Amino acid sequence: MAKFLTNREENYAQWYNDLVIKADLAENSAVRGCMVIKPYGYAIWENIQAGLDKMFKATGHVNAYFPLFIPKSFFSREASHVQGFAKECAVVTHYRLKMDENGKDIVVDKDAKLEEELIVRPTSETIIWNSYKNWIQSYRDLPILINQWANVVRWEMRTRLFLRTAEFLWQEGHTAHATREEAVEETKRMLNVYADFAENYMALPVIKGYKSENERFAGALDTYTIEALMQDGKALQGGTSHFLGQNFAKAFDVQFTDKTGKLDYVWATSWGVSTRMVGALIMAHSDNNGLILPPRLAPLQTVIVPIYKTTDQLEKISEKAGIIKADLEKAGISVKYDDRENYKPGYKFAEYELKGVPVRIALGPRDIENNTVEIARRDTLQKETIPDGGLASHVAGLLEDIQSNMFRKALKFRSDNTFYLDKWSEFLEIIDNQGGFIMAHWDGTAETEEKIKEETKATIRCIPFDSPEEDGKCIYSGRPSKRRVLFARSY
RNA sequence: CGGGGUGUGGCGCAGUUGGUAGCGCGCUACGUUCGGGACGUAGAGGCCGGAAGUUCGAGUCUUCUCACCCCGACCA
């Protein structure tokens, strides 16, 4: 089985790379650090988009689109923001090409230098707040609740398909509010949306919390995050929501008149998730046979594979498969009948396992005779032969069961790999030998955080919202601490 | 940007002391197969990453160059 995949236990990173390529999700492109998202991978992203978009709309947001290019001067308005992104910005300096003197090569036309360089957006706060300035005069113009689906560019040194690429797709919400409280509430609301989405669609349990100052978004007063645990014991940040205070309003001079006639700066939030979610989905659930996709995000939920010797048999099977397909589709389940003649059933079984299709139905002469089907679930690889009556509701139930089973399994993995530690020696031992989440006391200082990072490569993933107050001593410095924070090595 | 590695049919690789390229998979056609990655037969497909050099002769040796991958520093 799975002779085409690197074994997950032997080389997790290679297993991941193999899986992305072999399952036909994406590939590296001719442009360094940029990936081609192939149709099957893109279909997963489209499902992520559809699910999130619905949730954004349900919480009062609307979509809009802002430019890819940002004038350099905009970018530099907010000091900490520039600092955070300066090292990874692509810059457009010219707007024309020409033939060189030999007439052989295309070269940049030096005469076509831009007056002001344009930054390819690594995120859009600045260009958006420059627009908001013109949209907001009164408290009656607030709140503004806008989301945009876009690509952004961050010039990364080292890239990995979906997890870190120079260009990636994401959504970024940018909201403007009259009060601090309202903006904070929005920041939390959207983090909760992300957490709901991760748990209910991706079957991925997440820890919600605050980022430490070191890990905070450049320009934010507070960053909230959802953190998930991957099967190799490393953490992955699934989505972030930022309370931006009045930083961008001040940088772009966005003031409004409140109910009492007083001028004040607008309060802001921003929040985003990216195609990195696809990477999380893969790493959280899949196995040595290939992808395991949660039914709610799987591009294809069910596949029917015919098994036959004669064309006579095939005819009967196809007829029945057609009926089953129609039934399932009526129940809102996506189905493909794979009647390709050039592949044997065994090949198809392996292929759909590699691609993570949640449910497989096999239909052979025996089934026709007995009015049964063989039904197999991807998450547990269990097979059973059942009567073909009421198949649609059976499959619907099975898909739901797979969805919740995947979540339960991921949750169990996380609790099995979450450690409440109080001794530094144990911290070192766990982080080096098995990874996972470590809940430990921290003295709250950036110095200690930095030291721990240097010595272990583990960082504070977040200060969980729900971690209870308890008196303790910092696991590194021994100084007093009021609550545990979440440490892990991360992607 | 440091350290390591790899560039040879679509993919994965082999290629000896230099003698003019081969294997597996895939692909095409036909036939037999079909309840866990089938088999046979016959085909198609490569100026060996690029440039310069050494040589009668370079996939192989020398120099330069480009690209990609892996490991580090930076990041979602």
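Reminder, nothing fancy here: chain letters follow the sequence lines and each chain counts from 1. Predicted, not measured: the structure shown is a model, and the values here were computed from it.
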Under 4.0 Å between any heavy atoms, over every strand shown, what does [X] touch: base, sugar-phosphate, or nothing? Just pick one.
{"X": "A:Arg366", "value": "base"}
{"X": "A:Leu163", "value": "base"}
{"X": "A:Arg160", "value": "nothing"}
{"X": "A:Thr372", "value": "nothing"}
{"X": "A:Glu374", "value": "base"}
{"X": "A:Glu156", "value": "base"}
{"X": "A:Pro365", "value": "base"}

Taking side chain to side chain contact (heavy atoms under 4.5 Å, CB included) as the criterion, tell me which of A:Leu291, A:Leu300, A:Leu293, A:Ile292 meets it with A:Val357.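 Answer to the side chain to side chain contact (heavy atoms under 4.5 Å, CB included) test with A:Val357 among A:Leu291, A:Leu300, A:Leu293, A:Ile292: A:Leu300.
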
Atom [atom1] of [X] and atom [atom2] of [N]: how far apart are they, to the nearest Å?
{"X": "A:Glu227", "N": "B:rA76", "atom1": "CD", "atom2": "P", "answer": "11 Å"}
{"X": "A:Lys355", "N": "B:rG36", "atom1": "NZ", "atom2": "P", "answer": "22 Å"}
{"X": "A:Glu454", "N": "B:rC74", "atom1": "CD", "atom2": "C1'", "answer": "14 Å"}
{"X": "A:Asp338", "N": "B:rC34", "atom1": "CG", "atom2": "P", "answer": "18 Å"}
{"X": "A:Ile361", "N": "B:rG35", "atom1": "CD1", "atom2": "P", "answer": "19 Å"}
{"X": "A:Arg489", "N": "B:rC75", "atom1": "CZ", "atom2": "P", "answer": "17 Å"}
{"X": "A:Glu341", "N": "B:rU32", "atom1": "CD", "atom2": "P", "answer": "13 Å"}
{"X": "A:Arg164", "N": "B:rA73", "atom1": "CZ", "atom2": "P", "answer": "12 Å"}

Roughly how far apart, to the nearest Å, are [N] and [M] at atom [atom1]?
{"N": "B:rA67", "M": "B:rG49", "atom1": "P", "value": "16 Å"}
{"N": "B:rC56", "M": "B:rG15", "atom1": "C1'", "value": "23 Å"}
{"N": "B:rC61", "M": "B:rC69", "atom1": "P", "value": "25 Å"}
{"N": "B:rU62", "M": "B:rC68", "atom1": "C1'", "value": "24 Å"}
{"N": "B:rG40", "M": "B:rA58", "atom1": "P", "value": "39 Å"}
{"N": "B:rA51", "M": "B:rA42", "atom1": "P", "value": "38 Å"}
{"N": "B:rG9", "M": "B:rG24", "atom1": "C1'", "value": "13 Å"}
{"N": "B:rC11", "M": "B:rU54", "atom1": "C1'", "value": "35 Å"}

Report the nucleotide, chosen from [options], that has the shortest atom-to-atom distance to any side-chain atom of [X].
{"X": "A:Lys309", "options": "B:rG36, B:rC75, B:rC34", "answer": "B:rC34"}
{"X": "A:Phe349", "options": "B:rC34, B:rG36, B:rC68", "answer": "B:rG36"}
{"X": "A:Glu351", "options": "B:rG37, B:rC34, B:rA76", "answer": "B:rG37"}
{"X": "A:Arg32", "options": "B:rA76, B:rG35, B:rC68", "answer": "B:rC68"}
{"X": "A:Tyr343", "options": "B:rC75, B:rC27, B:rC34", "answer": "B:rC27"}
{"X": "A:Tyr347", "options": "B:rA76, B:rC34, B:rG37", "answer": "B:rG37"}
{"X": "A:Asn17", "options": "B:rC70, B:rC74, B:rC34", "answer": "B:rC70"}

How are the rings of [X] and [Y] set to each other: parallel, tilted or perpendicular (split at 30° and 60°)?
{"X": "A:Tyr12", "Y": "A:Trp15", "value": "tilted"}
{"X": "A:Phe75", "Y": "A:His81", "value": "tilted"}
{"X": "A:Phe248", "Y": "A:Phe252", "value": "parallel"}

Tabulate atom names and distances for all N/O pairs under 3.5 angstrom spanning the protein and nucleotides 4-14 of chain B.
none

Under a 3.5 Å limit for both distances, which nucleotide forms a Watson-Crick or G-U wobble pair with [N], could you say?
{"N": "B:rU62", "answer": "B:rA52"}
{"N": "B:rU32", "answer": "B:rA38"}
{"N": "B:rG72", "answer": "B:rC1"}
{"N": "B:rG45", "answer": "none"}

Let me know which of A:Asn7, A:Thr6, A:Asn11 forms a side chain to side chain donor-acceptor pair (under 3.5 Å) with A:Asp18.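 The option that passes is A:Thr6.
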
Measuring centre to centre across the rings, with the benzene-like ring taken for any Trp, is A:Phe217 within less than 6.0 Å of A:Phe243?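 Distance test on ring centres: not under 6.0 Å, no.
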
Is the distance between the ring centroids of A:Tyr224 and A:Phe465 under 6.0 Å?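 That pair passes the under 6.0 Å test.
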
Is the NZ or CZ atom of [X] positioned over [Y]'s six-membered ring, under 6.0 angstrom from the centre and within 45° of the axis?
{"X": "A:Lys451", "Y": "A:Tyr476", "value": "no"}
{"X": "A:Lys234", "Y": "A:Tyr491", "value": "yes"}
{"X": "A:Arg360", "Y": "A:Phe349", "value": "yes"}

More 5' along RNA chain B: A:Asn342 or A:Arg360, using each one's nearest nucleotide?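 In this pair, the answer is A:Asn342.
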
For A:Val31 and for A:Lys87, find the nucleotide of RNA chain B with the closest heavy atom, then tell me which residue's nucleotide is more 5'.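 The residue closer to the strand's 5' end, by nearest nucleotide, is A:Val31.
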
With a 4.5 Å cut-off on side-chain heavy atoms, are A:Arg377 and A:Lys383 touching?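 Sidechains of A:Arg377 and A:Lys383: no contact.
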
Student check: side-chain heavy atoms of A:Glu186 and A:Leu145 closer than 4.5 Å: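 Sidechains of A:Leu145 and A:Glu186: in contact.
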
Distance-only donor-acceptor test (3.5 Å): side chain [X], base [N]:
{"X": "A:Glu353", "N": "B:rG36", "answer": "yes"}
{"X": "A:Lys383", "N": "B:rG36", "answer": "yes"}
{"X": "A:Arg154", "N": "B:rC75", "answer": "no"}

Pair A:Asp339 + A:Lys348: basic N to acidic O under 4.0 Å: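 A salt bridge is absent here (no side-chain N lies under 4.0 Å from a carboxylate O).
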
What residues in residues 203-224 of chain A put a non-hydrogen atom under 4.0 Å from any atom of RNA chain B?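 None - not one residue of the stretch has a heavy atom sitting under 4.0 Å from the strand.
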
Respond yes when some side-chain nitrogen or oxygen of A:Asn28 is under 4.0 Å from OP1 or OP2 of B:rA67, and no when none is.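 No.
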
Counting only side-chain nitrogens and oxygens, does A:Lys344 get under 4.0 Å of the OP1 or OP2 atom of B:rA38?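 Looking at the OP1 and OP2 atoms of B:rA38, one of them is under 4.0 Å from a side-chain N or O of A:Lys344.
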
Evaluate A:Trp45 against A:Phe162 for side chain to side chain contact (heavy atoms under 4.5 Å, CB included), listing each step before the verdict. CA-CA 11 Å; A:Trp45 175 241; A:Phe162 289 115; over 6 Å; no

